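Below: one structure, written as structure tokens.
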Amino acid sequence: MQEEALAAIPAEKETLILSPTGSGKTLAYLLPIVQLLKADSKRQIQAVVVVPARELALQIGQVFQQMGSGFRATCSYGGHPFDVEHRSLTEAPPDVLIGTPGRIVDHIENKSIDLTKTPMLVLDEFDKSLEFGFSEEMKFIAESMPSLKKKVLLSATEAVEIPDYMNIVAPKRINHLTNETVKGLTLKEVVSVEKDKLGALKTLLCHLGKGKSIIFANFRESADRIASYLREEGISCVCFHGGMEQPDREKAICLFRNSSVNCLISTDLAARGLDIPEVDYIIHYHLPNTGDVFTHRNGRTARMNASGQAFVIMYINEMRPSYLPKMLKEKVVEGAPLPPEAEWATIYIGKGKRDKISKGDVVGFLFQKGGLQKDELGIVEVKERYAMAAVKSNKVQQMLKKVADEKIKGMKTKFELVKAV
């Protein structure tokens, strides 16, 4: 798929890429776009990438940075100070702007950016943007780009119409979707004798024991309720949905990604776009409305030739949707002990990229000043204003005492344990 995109995007005016979640669509369009960027752009945005969610924007920005192309990309999204973005975009327009529809519209209307000469537009997961109600915003963005020469649309589903305002005439189609179940995935059904499935969910998690689980609910309120219940029952978890503030969403994903917690309860916001490797179990607390969404949820596990399991919790009298395939029945016996506590904990460091802190700085500091050994430090993530690092749970308190009065790169800052809330 990436090879086909690398050949098609430079040659075609319109490209439509259909490929499953986790198949590498980000690089599929970034690689050819970087090849098309011009070094003498005269402070002009050369490409706009529109995405439905903040997390996806940040993830694409990170991939772009890791490519080391020498070109600049800026991420723009809600929940981030508008004035900061406005000043940055006005003073130094990037080569590539990556952002959510509403925030890009805000910048166009406030004249932070001028897209009248921008030749390339990418709509990543455009079907999800339509589903989230961003059609008018995407139309406004497209109409603000009269010099468009290249349009790239990406989706993980074929069951969506391309809006007329995109003026797509004859796109080059790169279709790598299949009707097959995710390879390496085992589907299982768990029966709940109660309409309220909380008890069945707890029993299932205890039955599974170790491993990382994403639990999908259809509503934000349901996700919050499930999380509250599991915490009361002694199972550590984090929530992730669109009603949360951006810093809380970032923290939740970080804690789950680095295995400081092993349960993530989410709406379908987490079904696509997020970089969360090595998920062992998908649990459908609620079933989605369509088979496409069911497939996307399951795609969070069994990725890149790995194996995984998906569980559907069904109330004994619940109507079965037509898309639901035959599944193995899983006998879940009550009385299993609670899942073990996570072997990792996360520390917060109050300095980030804007303070010229790199991942190497954090790693070196925690080894030298914190007294950690190589196998006692896990994933390190450096954000704009702070950093987070996974530390073995049995070493974290001792390490925090050692660094309490230390400086990182000569700067005094806060070091504290991040709690799952």
Side-chain angles (χ1 to χ4, degrees), residues 14-16 25-26 29-30 33 37 41 43-62 64 72-155 160-168 241-247 249-250 267-269 272-274 384:
E14 305 163 349
T15 308
L16 175 63
K25 290 194 290 295
T26 301
Y29 65 80
L30 283 185
I33 280 177
L37 296 176
S41 66
R43 292 166 59 97
Q44 173 66 47
I45 295 173
Q46 301 184 63
V48 175
V49 180
V50 181
V51 297
R54 296 172 259 192
E55 288 74 19
L56 183 53
L58 290 165
Q59 188 173 299
I60 294 166
Q62 186 176 19
F64 188 94
R72 285 183 59 246
T74 295
C75 292
S76 177
Y77 49 88
H80 189 246
F82 181 85
D83 291 345
V84 173
E85 289 188 359
H86 176 83
R87 187 164 53 252
S88 172
L89 290 167
T90 305
E91 292 174 357
D95 298 291
V96 179
L97 176 64
I98 306 160
T100 50
R103 182 50 70 93
I104 292 177
V105 167
D106 288 344
H107 283 300
I108 295 172
E109 290 180 332
N110 283 274
K111 303 190 184 309
S112 315
I113 55 176
D114 176 11
L115 303 182
T116 55
K117 296 180 182 178
T118 302
M120 292 183 280
L121 173 63
V122 178
L123 301 184
D124 196 351
E125 295 196 2
F126 77 94
D127 56 310
K128 204 70 180 171
S129 290
L130 293 173
E131 183 184 323
F132 287 169
F134 293 135
S135 184
E136 287 301 314
E137 287 86 349
M138 289 196 296
K139 180 181 180 183
F140 184 88
I141 294 167
E143 291 176 347
S144 301
M145 302 176 70
S147 302
L148 270 182
K149 293 184 176 66
K150 290 205 180 293
K151 303 171 189 175
V152 182
L153 279 67
L154 300 100
S155 173
V160 63
E161 287 188 18
I162 299 173
D164 291 339
Y165 54 75
M166 287 306 300
N167 295 316
I168 299 292
H241 57 67
M244 298 168 60
E245 294 294 326
Q246 180 66 15
R249 282 163 58 170
E250 288 183 10
T267 58
D268 286 318
L269 188 63
R272 287 155 61 181
L274 294 178
E384 195 65 27

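Just so it is clear, the structure is predicted and the values come from calculations on it, not from any experiment.
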Is the side chain of Tyr77 donor-acceptor paired with the backbone N or O of Leu58 at a distance under 3.5 Å, no angle test? no
Any non-hydrogen side-chain atom of Pro52 less than 4.5 Å from a side-chain atom of Asp124? no
Inter-residue atom distance Leu16.CG - Ile162.CD1, 0.5 Å rounding: 5.0 Å
Without swapping roles, check the side chain of Thr118 against the backbone of Ile45 for a donor-acceptor pair under 3.5 Å. yes
Once you round to the nearest 0.5 Å, how far does CD1 of Ile98 lie from CD of Gln62? 11.0 Å
Gap separating the CG atom of Leu115 from the CG atom of Leu148, nearest 0.5 angstrom: 9.0 Å
Roughly how far, to the nearest 0.5 Å, is CD of Gln44 from NZ of Lys117? 6.5 Å
Taking side chain as C-beta onward, heavy atoms only, is Val50 less than 4.5 Å from Phe134? no
Could you tell me if the side chain of Val49 sits less than 4.5 Å from the side chain of Phe64, heavy atoms only? no
Of all heavy-atom pairs between Gly242 and Arg54, which one has the smallest distance, and what is that distance? O-NH2, 4.2 Å
Mind running side-chain contact (heavy atoms from CB on, under 4.5 Å) on Met166 and Leu121 for me, showing each step along the way? CA-CA 10 Å; Met166 287 306 300; Leu121 173 63; 3.8 Å; yes
Indicate the atoms forming the closest heavy-atom contact of Glu55 with Gln246, along with that distance. OE2-OE1, 3.6 Å
Gly78 backbone acceptor or donor facing Glu85 side chain under 3.5 Å: no
Do you see a donor-acceptor pair shorter than 3.5 Å between the side chains of Ser112 and His107? yes
Approximate separation, where rounding is to 0.5 Å, of Glu137 CD and Arg103 CZ: 13.0 Å
Does Ala92 offer a backbone N or O that forms a donor-acceptor pair with the side chain of Arg72 under 3.5 Å? yes
Do side-chain atoms of Thr100 reach the backbone of Ala53 as a donor and acceptor pair under 3.5 angstrom? no
Heavy-atom count around Glu109 CD within 6.0 Å, excluding the residue itself: above 12? yes
Within-4.5 Å side-chain heavy-atom neighbours: Leu123 and Ser129: no
Leu37 vs Met120 side-chain heavy atoms within contact, under 4.5 Å: yes
Gap between atom CD1 of Ile141 and atom CD1 of Ile104 - 0.5 Å precision: 4.5 Å
Could you give me the CA-CA distance, side-chain angles and deciding distance for Lys151 and Ile168, then say whether side-chain contact (heavy atoms from CB on, under 4.5 Å) is met? CA-CA 8 Å; Lys151 303 171 189 175; Ile168 299 292; 3.7 Å; yes
Audit row: Leu97, Leu89, side-chain contact (heavy atoms from CB on, under 4.5 Å) steps and yes/no: CA-CA 9 Å; Leu97 176 64; Leu89 290 167; 4.0 Å; yes
Using side-chain contact (heavy atoms from CB on, under 4.5 Å), reason through Phe82 and Asn110 one step at a time and then give a plain yes or no. CA-CA 10 Å; Phe82 181 85; Asn110 283 274; 3.7 Å; yes
Mind listing the closest non-hydrogen atom pair of Glu161 and Phe126 along with its distance? O-CE1, 4.3 Å
Taking the side chain as everything from C-beta on, heavy atoms only, tell me whether Leu269 gets closer than 4.5 Å to Phe132. yes
Does Ser88 reach the main-chain N or O of Val84 with its side chain, forming a donor-acceptor pair under 3.5 Å? no
When you measure from the side chain of Arg43 to the backbone N and O of Glu91, does any donor-acceptor pair fall under 3.5 Å? yes
Between Lys128 and Glu131, does any side-chain N to carboxylate O distance fall below 4.0 Å? yes
